[in-house]
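Down below is the structure, laid out as structure tokens.
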Amino acid sequence: MAKPPTNLYERNELFQKNLQCFPEYIKQQIRKVDLDEVGKWVDIVYTEEGYPICKYKKDGKVKHINSRNPWEQAKNWCNQLPLNQMSTLFVYGCGFGYPLIELLKRVHEDTVVVVFEQNLPIFIAMLHYFDLEPIFRAHNKCIFFLGPFEEFSHYFQNLISTYGLLYLTVPSVLFTPSSRLFKKEYLNIQSHVFERLTQQITAFGNDHYDSLLGLHNMIQNAEIVLENPYLSSLKDKFTNVPAFIVANGPSLDQNMHELKRVKGKGLILCCESAIVPLMKNGIKPDAICVLERTPESYLYHFQNKKYPEDITLLALAVADPRTFASFAGPKVPIFRSFESTSEWINRMVGDGSGLYAGLNVSHLAYELAVYMGANPIVFVGQNFAYGLDGLTHSKQSKYTEDVQEYIEKVKSLPIVYVEGNEDSFVPSNPLWVEFRKGLERLIEQTSHVTVINATEGGAKIKGTTCDTLTNVIEKYCKASLPYRLDTLLNESKKNLDISTRKNKIKSLRIELIKYMDIYRALNQLTSERKIIVEQLLEKDKYGAGQELRQEFEQNNKHIMKFLHRHVHDQFFQQVIMFGYHQMNELGVINTPEKLRYALQIQMELFDNLCVICKSLIRNFQIAVEKLPLEETTSNE
């Protein structure tokens, strides 16, 4: 490593050169920092050899980031680590460059290195003293995240929302020597990082049948989509109107009666299972929100139920078709964003509008309220925790009255204690914790909205302020709604050109048939890849032939075809994730034995991909047969 620059001009030149090595989001973070202020936090002294040593000043204390022999310290640290065996590294702290540079010189070229540096002044100072460009040129799989987690959470989410996540399932965690000086900060980052990884992997799903059920439900609901207003008809229609999201938590029984005062002065969006207690108490919500695709959703809350015609159904397009058919009021089928099959069908029969929708119906209801422009958004009965005597839901809900097996399933989950709204800790379970954190992420992304938690008791929801439902109603429910939700949608429906819309069914049928051919071709190519690898392994039983490496890389390229944006990756992503996780557990694939083992994993993955292709071919054919045979011709 060349000696660092000795004068201000050279340091500034080096800083600008280093800055070009980073993506735009890193440059933006650094540009927000006043460079003249960095010197107030960072002090640089030099070793006898002329290398910089960093001292960090805060609260009248000085923390020494490096030892007096920084290169020796970095080398001793790296010597203790089997760096050539680690396929993914999460590195906490740059250590003012020395440990990072030494590490990048030693790791395998295929190793993904994700660096978390919580201190921007130290990072910025480092860029003035070390020429990082040659290091990054030699190792181009290095990703940086700067500051506390809240400042880079969006960028980290972007990383793991792509298929870069495939390579991050078995990370090795390294804390550089200086990270101990910021132990609390780095442990907090690590906690958030692994929490997000867990959430994202969970969002990938694990049930092929569930994905197929969603496909068939959307196909059967295609005509319902075309006969009713799209989600876009609700965009910003209730700007600055208070919206009350009513969930089915045990606290609902305590303040439900107050909701009668909201009617006509605020939107009441009812999470599906809360409809039973609301209707029993004479409270008509403006809309029922439905997320689930399973038959139980229909059987529990819609079968043999006649809801008033002035209640709207806001349901995902994957909902049981009987739910839409049985509902008398206005209906808006909603497509998911960021889900390949839903986006694909949306392109055929929708208008492109959609929502992420999350993992829980409260997530969907919250996104709907934001989409309609509502502000503030108020949670009622959103406990995410057990109530008194271990209650899981309202005493008047369908679950507590008739579906005891559901309650037993919930109560079989492990108990975890979380921070409460009124108590220091309240009992919850891992499923509710996951749902709560997902809601908190949505709230974090919509900082322009005031979010109030009017749940009595329950778990604390980050990003909300607590208040009583009585106070919230008195403060915000003063003016009448600009119009009723059902009236708005009924008027919108009158203006639809149904005959033109229904011609879209033809496009959907053509697409289904086209993809049947695509999956036949992928199935054939996958079978051929498997045969090639089997023959090669048989021919080269003991060697470390270059052919094996070439076929391994070729297989990876072939597998990525199943994650291309033009195929329905949600059907394939689970098995691909599992296959790559198995390969990640091998560490760096740098020996003949590991390479052969990795090829075996790929062949098992090929088997699974073939099974899914055959399943899709058959199910797409069934979907074609479900579509109406005759399209209506436009009157134009």
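A side-chain N or O of Asn383 and one of Ser251 form a donor-acceptor pair less than 3.5 Å apart. Of the N and O atoms on the side chains of Ser87 and Asn584, not one donor lies less than 3.5 Å from an acceptor on the other residue. With no hydrogens or angles considered, a side-chain donor-acceptor pair links Gln382 and Ser362 at under 3.5 Å. In this structure, a donor-acceptor pair under 3.5 Å is absent between the side chains of Tyr167 and Asp110. For the residue pair Tyr163 and Gln573, a side-chain donor N or O sits within less than 3.5 Å of a side-chain acceptor on the partner. Between the side chains of Gln118 and Lys184, not a single donor N or O lies within less than 3.5 Å of an accepting N or O. Asn556 and Gln602 are linked by a side-chain donor-acceptor pair at a separation below 3.5 angstrom, with hydrogens and angles left out of the test. Donor-acceptor pairing under 3.5 Å is lacking for the side chains of Asn188 and Ser191. Tyr25 and Asn158 form no side-chain donor-acceptor contact under 3.5 Å, judged by distance and modelled atom types alone. A side-chain donor-acceptor contact under 3.5 Å links Gln157 and Arg441. Residues Thr446 and Tyr366 have side chains that bring a donor and an acceptor to within less than 3.5 angstrom of each other.
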(message) Go through it in stages, so that I can follow the logic: the residues are Asn66 and Tyr51, the test is side chain to side chain donor-acceptor pair (under 3.5 Å), and I'd like the CA-CA distance, side-chain angles, deciding distance and then a yes or no.
(response) CA-CA 11 Å; Asn66 314 108; Tyr51 289 107; over 6 Å; no
(request) Might you work through the side chain to side chain donor-acceptor pair (under 3.5 Å) test for Ser424 and Glu419, ending with a clear yes or no? (result) CA-CA 6 Å; Ser424 298; Glu419 186 177 359; over 6 Å; no
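With Phe244 as reference, Leu469 is the one residue of Leu469, Ile377, Leu267 to meet the side chain to side chain contact (heavy atoms under 4.5 Å, CB included) rule.
Atom OH of Tyr46 has more than 12 heavy atoms from other residues, nucleotides or ligands within 6.0 Å. Other residues, nucleotides and ligands place more than 12 heavy atoms under 6.0 Å from the NZ atom of Lys57. Within a 6.0 Å sphere centred on OH of Tyr597, other residues, nucleotides and ligands contribute 12 heavy atoms or fewer.
In this structure, Phe130 has its ring center under 6.0 Å from that of Tyr98. If you look at Phe144 and Phe22, their ring centroids are closer than 6.0 Å. Between Phe572 and His568, the distance from one ring center to the other does not fall under 6.0 angstrom. In this structure, Tyr417 has its ring center at least 6.0 angstrom away from the ring center of Phe425.
A salt bridge links Glu102 with Lys105; the closest basic N to acidic carboxylate O contact falls under 4.0 Å. A salt bridge is defined here as a Lys NZ or Arg NE, NH1 or NH2 lying under 4.0 Å from an Asp or Glu carboxylate O, and Glu440 with Arg436 meets this definition. A salt bridge links Arg549 with Glu553; the closest basic N to acidic carboxylate O contact falls under 4.0 Å.
Between Phe116 and Tyr92, the two ring planes are parallel [angle under 30°; tilted spans 30° to 60°].
Among residue pairs with one or both ends in residues 179-200, those qualifying as ring-ring contact (aromatic ring centres under 6.0 Å, His included) are Tyr56-Phe182, Phe90-Phe194, Phe149-His192; sequence neighbours excluded.
A distance of 13.5 Å separates NE2 of His363 from CG of Leu355, quoted to the nearest 0.5 Å.
With sequence neighbours excluded, no residue forms a side chain to side chain donor-acceptor pair (under 3.5 Å) with Ser337.
In this structure a side-chain-to-backbone donor-acceptor pair under 3.5 Å is missing from Asn453 to Cys466.
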